[in-house]
Amino acid sequence: MTERILLDPHSPDMREQAEELRRRGPVAPAEWPGGVHCWAVVGHPELETVLTDPRFARSPGHWRALRDGEVPADWPMLAHLTRRWMLTADGAEHRRLRQAVAAAFTPRRVEGLAPAVARTVDELLDDMEARAQEGPADLRTAYALPLPLRTLCALFGIPAEDRPEVLRLVGLAFSRSALGPEESARLTRDINAYLTGLVRSRAAAPGDDLVSDLLREGPEGLSEAELLDTLWLFLGAGFETTAGALVNTVRALLTHPGQLDLALRGEVGWDAVVEEGIRHDSSVYALPFAFPTEDVELGGRALREGDALLLCFAAANRDPRHGAGRFEVRRDGARARQLGFGHGPHFCVGAPLARLQLRIALARLFERFPGLRLTGPPAPPVPSLIASTPRALRVTW
């Protein structure tokens with residue numbers, strides 16, 4: 001019987017957990033909390049294969065253990081796998097869902113958000129500076145979380161008074177792997193209730209926002225269930241991941257001052273810094289699951305049709321075979337290719353918005369506070385097997 005590594009959402013060091021998997025090979029036997037078996041894909045070329053090869057599907061209808069009744073009915077992550085969204089769709093169904101969103105989530109809309117993002121960044125930095133006398137700031141709370149939250153609220157037309165509730169829901173969702181069945185079920189109900197209210201308010205009073213645009217698609221667009229799940233996908237995928245990427249990249253820059261100097265002197269652009277930050281310390285630890293549609297060999301493992309494959313983005317981005325050992329903002333070519341936004345048909349639709357926010361946020365942060373420094377080690381990571389970022393990052397200047 002294959003000895004499996006138990007995945008722990010409360011691990012004090014997610015990188016060490018990834019390295020433990022890697023020591024078992026690029027495709028490692030693992031066990032998700034709740035007794036759910038999977039193969040963790042931690043190798044860079046192996047993950048690229050899973051993301052691009054049509055023999056690997058995303059729909060849980062291909063999951064043999066689910067078909068055979070081996071997955072507990074109250075397993076918390078079933079709420080993630082059974083939603084009607086792009087993450088768990090394949091082929092024509094995936095293209096239909098993606099096209100419906102892409103029609104509203106246009107480059108024009110993203111570029112149009114740049115001035116608002118810059119204003120938000122300046123306001124947050126003003127507030128940090130005004131509070132400097134209070135002592136070190138938690139960059140995650142003061143800067144990294146409010147930026148994507150305000151951006152997404154503007155994109156969705158979410159009123160400012162709802163921001164605390166959105167923050168609560170997204171935070172719990174990224175820690176779902178650490179929740180019990182009852183907590184997970186309650187979270188699903190709360191998410192659906194909030195989004196239903198948001199859609200009804202936009203239907204009654206349409207505006208210049210993403211929700212109104214999706215509603216205008218009419219009967220040829222998304223069903224009500226698909227609309228709710230797609231909105232949740234954008235909130236979840238666009239919020240915590242962007243905040244985590246900002247925290248992780250700032251931490252990398254402050255612990256590699258020579259690399260930060262290259263950016264401050266203008267020898268390397270902030271776009272390159274963003275890409276290397278995501279590659280070096282991806283805020284997306286992993287996503288469940290992909291499934292072989294036939295028996296296949298991957299990374300030296302003989303996989304059966306219907307096995308569950310955990311997509312370990314953070315580990316794959318640091319694959320030693322890919323020259324991934326150090327934080328180097330001057331990477332180029334294949335060494336710079338990172339999988340933090342996915343790859344192939346499921347490449348993140350919101351990647352341009354995340355990159356826009358990260359570029360502006362990093363440039364203005366270090367322009368305002370060139371003497372920024374850490375006041376101690378980062379806090380323990382957020383309890384999650386999906387997100388990978390510390391709960392706090394204390395800084396001063």
Side-chain angles (χ1 to χ4, degrees), residues 109-171 174 209-210 234-255 260 263-264 269-271 273-274 277-278 281 283 350-376 378-379 382 387 389-397:
R109 185 185 292 279
V110 171
E111 287 303 318
L113 287 170
V117 169
R119 285 194 300 272
T120 298
V121 163
D122 288 340
E123 289 169 3
L124 294 172
L125 293 176
D126 288 344
D127 191 54
M128 283 177 59
E129 192 164 25
R131 295 175 178 270
Q133 70 277 7
E134 299 176 10
D138 173 14
L139 192 80
R140 175 176 165 85
T141 300
Y143 193 51
L145 287 174
L147 173 58
L149 178 61
R150 293 189 191 182
T151 300
L152 288 169
C153 285
L155 184 66
F156 280 61
I158 294 174
E161 59 267 23
D162 286 1
R163 289 175 188 171
E165 176 66 359
V166 173
L167 182 63
R168 182 186 74 86
L169 293 174
V170 174
F174 270 85
D209 56 76
L210 179 60
F234 270 100
L235 275 176
F239 176 32
E240 180 67 50
T241 55
T242 302
L246 181 53
V247 169
N248 293 357
T249 303
V250 170
R251 175 174 60 175
L253 288 167
L254 295 181
T255 53
L260 174 58
L264 293 178
W270 288 105
D271 286 329
V273 174
V274 168
I278 293 171
D281 196 0
S283 60
L353 179 58
R355 284 173 164 141
L356 172 76
Q357 294 178 89
L358 292 170
R359 182 182 73 242
I360 294 173
L362 288 169
R364 298 205 175 201
L365 173 66
F366 287 102
E367 177 183 288
R368 179 77 72 91
F369 306 131
L372 193 74
R373 64 186 185 277
L374 299 175
T375 62
V382 171
T389 189
R391 297 183 221 188
L393 191 73
R394 308 291 289 182
V395 297
T396 189
W397 54 92

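Counting only residues at least two apart or in different chains, salt bridge (Lys or Arg N to Asp or Glu O under 4.0 Å) contacts with residues 150-161 comprise Glu123-Arg150.
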When you look at Arg364 and Glu367, which way does the salt bridge (charged side-chain N to carboxylate O under 4.0 Å, His left out) test go after all the steps? CA-CA 5 Å; Arg364 298 205 175 201; Glu367 177 183 288; 5.8 Å; no

Might you work through the side-chain contact (heavy atoms from CB on, under 4.5 Å) test for Leu169 and Leu235, ending with a clear yes or no? CA-CA 10 Å; Leu169 293 174; Leu235 275 176; over 6 Å; no

Determine, step by step, whether Phe239 and Thr151 satisfy the side-chain contact (heavy atoms from CB on, under 4.5 Å) criterion, reporting the C-alpha distance in whole Å, the side-chain angles of both residues, the deciding distance to 0.1 Å, and the verdict. CA-CA 9 Å; Phe239 176 32; Thr151 300; over 6 Å; no

Test side-chain contact (heavy atoms from CB on, under 4.5 Å) on Thr242 and Leu147; report intermediate values, then the result. CA-CA 9 Å; Thr242 302; Leu147 173 58; 5.9 Å; no

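In this structure, the side chains of Leu358 and Thr249 stay at 4.5 Å or more apart for every pair of heavy atoms. Looking at Ile158 and Leu152, their side chains never come closer than 4.5 Å, going by heavy atoms from C-beta outward. Residues Thr389 and Glu240 have side chains in contact (heavy-atom distance under 4.5 Å, counting atoms from C-beta outward). Looking at heavy atoms from C-beta onward, Phe369 lies in side-chain contact with Glu129 at the 4.5 angstrom threshold. The closest side-chain heavy-atom distance from Arg368 to Asp126 is below 4.5 Å. The shortest side-chain heavy-atom distance between Gln357 and Pro148 falls under the 4.5 Å cut-off.
Here the options are Leu393, Leu145, Leu374, the test is side chain to side chain contact (heavy atoms under 4.5 Å, CB included), and the partner is Leu139; only Leu393 passes. Evaluated for a side chain to side chain contact (heavy atoms under 4.5 Å, CB included) with Leu260, the options Leu253, Val250, Leu372 yield exactly one hit, Leu253.
The minimum heavy-atom distance linking Ile278 with Ala245 is given by the pair CG1-CB, 4.5 Å. Shown here for Ala263 and Val273, the closest heavy-atom pair between the two residues is CB-CG2, 3.9 Å. Closest approach of Pro146 and Leu124 over heavy atoms only: CB-CD2, 3.7 Å. Nearest heavy atoms, Trp270 versus Arg359: CB-CG, 4.0 Å. The heavy-atom pair separating Ser283 from Thr241 by the smallest distance is OG-O, 2.7 Å. Here the closest non-hydrogen pair linking Ala243 and Ala144 is CB-O, 3.2 Å.
Shown here are the side chain to side chain contact (heavy atoms under 4.5 Å, CB included) partners of Glu111, two or more places apart in sequence or in another chain: there are none. Residues that satisfy the side chain to side chain donor-acceptor pair (under 3.5 Å) test with Arg355, not counting sequence neighbours, are Glu275. Looking at residues two or more places apart in sequence or on another chain, you find no salt bridge (Lys or Arg N to Asp or Glu O under 4.0 Å) involving Arg391. Listed by chain and number, the residues in a salt bridge (Lys or Arg N to Asp or Glu O under 4.0 Å) with Asp162 amount to none (sequence neighbours excluded). For Ala154, the side chain to side chain contact (heavy atoms under 4.5 Å, CB included) test picks out no residue, with sequence neighbours left out. Residues satisfying the side chain to side chain contact (heavy atoms under 4.5 Å, CB included) test with Ala116, not counting sequence neighbours, are Arg119. Take Asp281 and apply the side chain to side chain donor-acceptor pair (under 3.5 Å) test, not counting sequence neighbours, and it matches Arg15, Arg251. Here Arg163 pairs with nothing under the salt bridge (Lys or Arg N to Asp or Glu O under 4.0 Å) rule; sequence neighbours left out. With sequence neighbours left out, the side chain to side chain contact (heavy atoms under 4.5 Å, CB included) criterion links Thr375 to Pro136, Arg394, Thr396. Shown here are the side chain to side chain donor-acceptor pair (under 3.5 Å) partners of Arg131, two or more places apart in sequence or in another chain: Asp127. Contacts of Asp209 classified as salt bridge (Lys or Arg N to Asp or Glu O under 4.0 Å), with partners at least two apart in sequence or in another chain: Arg202.
In this structure, CD1 on Ile360 lies 9.5 Å from OG1 on Thr120, to the nearest 0.5 angstrom.
Looking only at distances, a side-chain donor or acceptor of Thr255 sits under 3.5 Å from a matching main-chain atom of Ala252. Under the 3.5 Å distance criterion, the side-chain polar atoms of Tyr143 are left unmatched by any main-chain donor or acceptor of Leu246.
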